[in-house]
Amino acid sequence: MDANVPKRKEPGKSLRIKVISMGNAEVGKSCIIKRYCEKRFVSKYLATIGIDYGVTKVQVRDREIKVNIFDMAGHPFFYEVRNEFYKDTQGVMLVYDVGQKDSFDALDTWLAEMKQDLGPHGNMENVVFVVCANKIDCTKHRCVDESEGRLWAESRGFLYFETSAQTGEGINEMFQTFYAAIVDLCENGGKRPIPNSSASFTKEQADTIRRIRNSKDSWDMLGVKPGASRDEVNKAYRRLAVLLHPDKCVAPGSEDAFKAVVNARTAVLKNIK
Ligand code: GTP
Ligand code: MG
């Protein structure tokens, strides 16, 4: 059994688990925890210094769970403090601010930091990750949409929730699902349960949608060089259409990606005699 699986795992018995929060400074990690544990929201920013620690008890099905929460500071300055706390973790709350693209782009860096600190024998496969797309109340400033966040999370087998610590939207549901998934993991001998939706699309589809979103022009989107022949363009288009057709692909964002590919093909063909 993996080292980070708690020993006491018989159904009905109480369970002690460790969860940590991760994500850039100011994305709302502490406020999410405060909203859940204290049912309140603080609008003034009080940066976490190093780590905040708290214990809470929750009920999941027939089990009482004692949750040790380590709320980490997001600021790079606290790296040395954080790196002691990654080990023996059963659950990670990975938070970004939907109005700060940088905080979304940084999620990979956070995973890399954890991986590096766990070392070659650390196992992140046996950890439940929940991605919180936070501050959804700030609709005017939103720049990372739901499909983009969901795709990033679900293509890695992570849970995904849209949350607002300010209004409380999504918070209870997120924690309940998160804790239930950790209990499932403990009862499943330490194997992360696969969320239903992650099985329904492939990594190739997820990567292609991400590539299409980030492409710089229509040629790039189709994956052909400027000056490609009509045949090459149609071939590239057909390959993408088969991969992303909404009848066949249920990955978040596939419909928009499919439409973008259709438009790209039309635009490119106009320029070929
Ligand atoms: P560090 O401790 O520095 O890593 O930051 P943090 O991620 O813990 O952020 P914190 O919870 O302290 O919140 C940062 C700021 O964002 C505060 O001013 C909060 O009031 C605000 N905030 C947090 N969540 C929300 C939210 O859902 N909506 C809005 N509008 N503001 C939020
Ligand atoms: Mg904090």
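Counting begins at 1 with the first residue of the sequence. What you are looking at is a predicted structure, and each value in this text was computed from that prediction instead of being measured. Every number for a ligand or one of its atoms is a count from 1 in the order of the listing.
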For [atom], what's the nearest protein heavy atom and its distance?
atom	answer
atom 27 (O) of ligand 1	Ala165 N, 2.8 Å
atom 22 (N) of ligand 1	Lys135 CE, 3.6 Å
atom 30 (N) of ligand 1	Asp137 OD2, 2.8 Å
atom 5 (O) of ligand 1	Glu26 N, 2.9 Å
atom 7 (O) of ligand 1	Lys29 NZ, 2.8 Å
atom 20 (O) of ligand 1	Val42 O, 2.8 Å
atom 18 (O) of ligand 1	Ser43 O, 2.9 Å
atom 3 (O) of ligand 1	Tyr45 OH, 2.4 Å

Note to self: Quick check with a 6.0 Å cut-off and a 45 degree axis cone: is Lys235 positioned over the face of Tyr237's six-membered ring?
What the structure shows: no
If you define the side chain from C-beta out and look only at heavy atoms, does anything of [X] sit under 4.5 Å from [Y]?
X	Y	result
Val127	Phe129	yes
Ile20	Lys18	yes
Arg213	Asp145	yes
Phe175	Ile32	yes
Val55	Ile69	no

Any idea which atoms of ligand 1 are less than 4.0 Å away from a heavy-atom of [X]?
X	value
Cys138	30 (N)
Asn134	24 (N), 25 (C), 27 (O)
Gly74	1 (P), 4 (O)
Phe41	20 (O), 22 (N), 23 (C), 24 (N), 25 (C), 31 (N), 32 (C)

Check: When only distance counts, is Ala25 in polar contact with ligand 1, meaning an N/O pair under 3.5 Å?
Finding: no
Next item on the list: Could you tell me whether some N/O pair between Cys31 and ligand 1 is separated by less than 3.5 angstrom?
Entry: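 Yes.
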Around [X], counting heavy atoms of other residues, nucleotides and ligands shown, do more than 12 lie under 6.0 Å from its [atom1]?
X	atom1	result
Glu169	CD	no
Glu255	CD	no
Phe77	CZ	no

Next item on the list: Output yes if Met72 passes the N/O/S-under-2.8 Å test against the Mg ion (ligand 2); output no otherwise.
Entry: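 Coordinating: no.
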Notebook entry, point to check: Is the Mg ion (ligand 2) under 2.8 Å from any N, O or S atom of Thr48?
Noted result: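 Yes, Thr48 qualifies, because one of its backbone or side-chain N, O or S atoms lies under 2.8 Å.
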Checklist line | 4.0 Å heavy-atom contact, Ala73 with ligand 1 | finding: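 So Ala73 counts as touching ligand 1.
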Notebook entry, point to check: Do the charged groups of Arg142 and Asp97 touch, with an N to O distance under 4.0 Å?
Noted result: no
Check: At what distance, to the nearest 0.5 angstrom, does CZ of Arg35 lie from OG of Ser30?
Finding: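 If I round to the nearest 0.5 Å, the distance is 14.0 Å.
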